Structure formats: structure tokens, C-alpha cells
Amino acid sequence: LRYQPMFPELAAETLSYGPCQFPTLGFVVERFLRIQRFVPEAFWTIKAEIQKQGRAIPFGWRRGRLFDRLAVLALFELVVEQSPNGAMVVNVSEEPKS
């Protein structure tokens, strides 16, 4: 309120200021710039399951996404070689993200 007499053109409007607003604006601008600089990167996921006695037993792993295609192929080949009855690829899908 003490700044309104110094700036009569702002007398009718709310003038907001405070010690937290400038750093907060910095966080907002930093996040905006990170989003603008983002470059999408291809990744792969592996979903595996075993069919046993008519039931599907899913296997998951914590890593989630793999960004190295060669590593995915190496894991796939390892599963195929170590599987006593052979492994079968049921589905390969590509989902573009925006």
C-alpha cells in the first residue's frame, strides 16, 4: 500500500510484492525453459509373462524404460536362449508420445 502514492496509475489496482515472489518466478521460468528445451528420446520396455497351467504369470522389473536398443536385444536373446520351451514374441507396438 505504501507504493500506491508513488505510482498513481496503479492506485486502482492491487500491487502485489513479497520476498517469495521473485524466487518463485525464477522456478517457474526455469521449469518453462526446461520444457521448451526437452527433446524426446526413443525408449523400449520389456513385458514378459509365463503361461503355466492355464494362468499367466507376469514378470516385471523396476527399471521400466530402457534407452539402449542393443541392451534390449541382448536381454531378449538371453531369454530366448535360456527358455527351455523357447520364447515367443506376441506383440511389438510403437506408441508415439507428444
Side-chain angles (χ1 to χ4, degrees):
L1 293 175
R2 65 182 179 177
Y3 290 111
Q4 287 179 340
M6 293 185 215
F7 303 100
E9 63 275 4
L10 298 176
E13 297 185 32
T14 302
L15 182 62
S16 178
Y17 63 94
C20 295
Q21 289 180 336
F22 189 72
T24 301
L25 179 60
F27 296 139
V28 170
V29 169
E30 180 182 334
R31 177 71 176 142
F32 173 79
L33 292 175
R34 285 180 64 207
I35 291 170
Q36 292 298 313
R37 291 189 300 250
F38 176 75
V39 177
E41 187 176 354
F43 66 89
W44 293 264
T45 58
I46 298 174
K47 296 178 183 176
E49 67 179 39
I50 290 179
Q51 297 288 333
K52 186 132 181 145
Q53 298 175 351
R55 292 180 42 202
I57 303 168
F59 286 86
W61 70 341
R62 293 183 190 146
R63 191 166 183 174
R65 298 176 179 173
L66 281 170
F67 294 94
D68 184 356
R69 186 173 189 272
L70 188 58
V72 173
L73 292 174
L75 287 171
F76 173 75
E77 287 181 10
L78 182 67
V79 169
V80 170
E81 289 172 2
Q82 298 296 318
S83 177
N85 297 328
M88 178 179 19
V89 175
V90 176
N91 182 18
V92 175
S93 62
E94 182 177 334
E95 299 175 17
K97 303 290 181 190
S98 59

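Basis for what follows: all heavy atoms, side chains included, without hydrogens, waters or symmetry-related copies. As the structure is a computational prediction, the values presented were derived from the model and not from experiment.
Applying the side chain to side chain contact (heavy atoms under 4.5 Å, CB included) test to Leu75 and every residue at least two apart in sequence or in another chain returns Ile46, Trp61, Leu66.
The 12-atom threshold is exceeded at CZ of Phe67, counting heavy atoms of other residues, nucleotides or ligands nearer than 6.0 Å.
Here side-chain hydrogen bond (donor to acceptor under 3.5 Å, both in side chains) pairs that include residues 24-47, with residues two or more places apart or in two chains, number zero.
If you chain together ILVMFWY residues whose side-chain heavy atoms come under 4.5 Å of each other, Leu25 ends up grouped with Val29, Phe32, Leu33. Residue Leu78 shares its hydrophobic cluster (ILVMFWY side chains chained together at separations under 4.5 Å) with no other residue.
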Show me the donor-acceptor pairs within less than 3.5 Å that the side chains of residues 48-57 make with the rest of the protein, sequence neighbours left out.
| from | atom 1 | to | atom 2 | distance (Å) |
| --- | --- | --- | --- | --- |
| Glu49 | OE2 | Gln51 | NE2 | 2.8 |

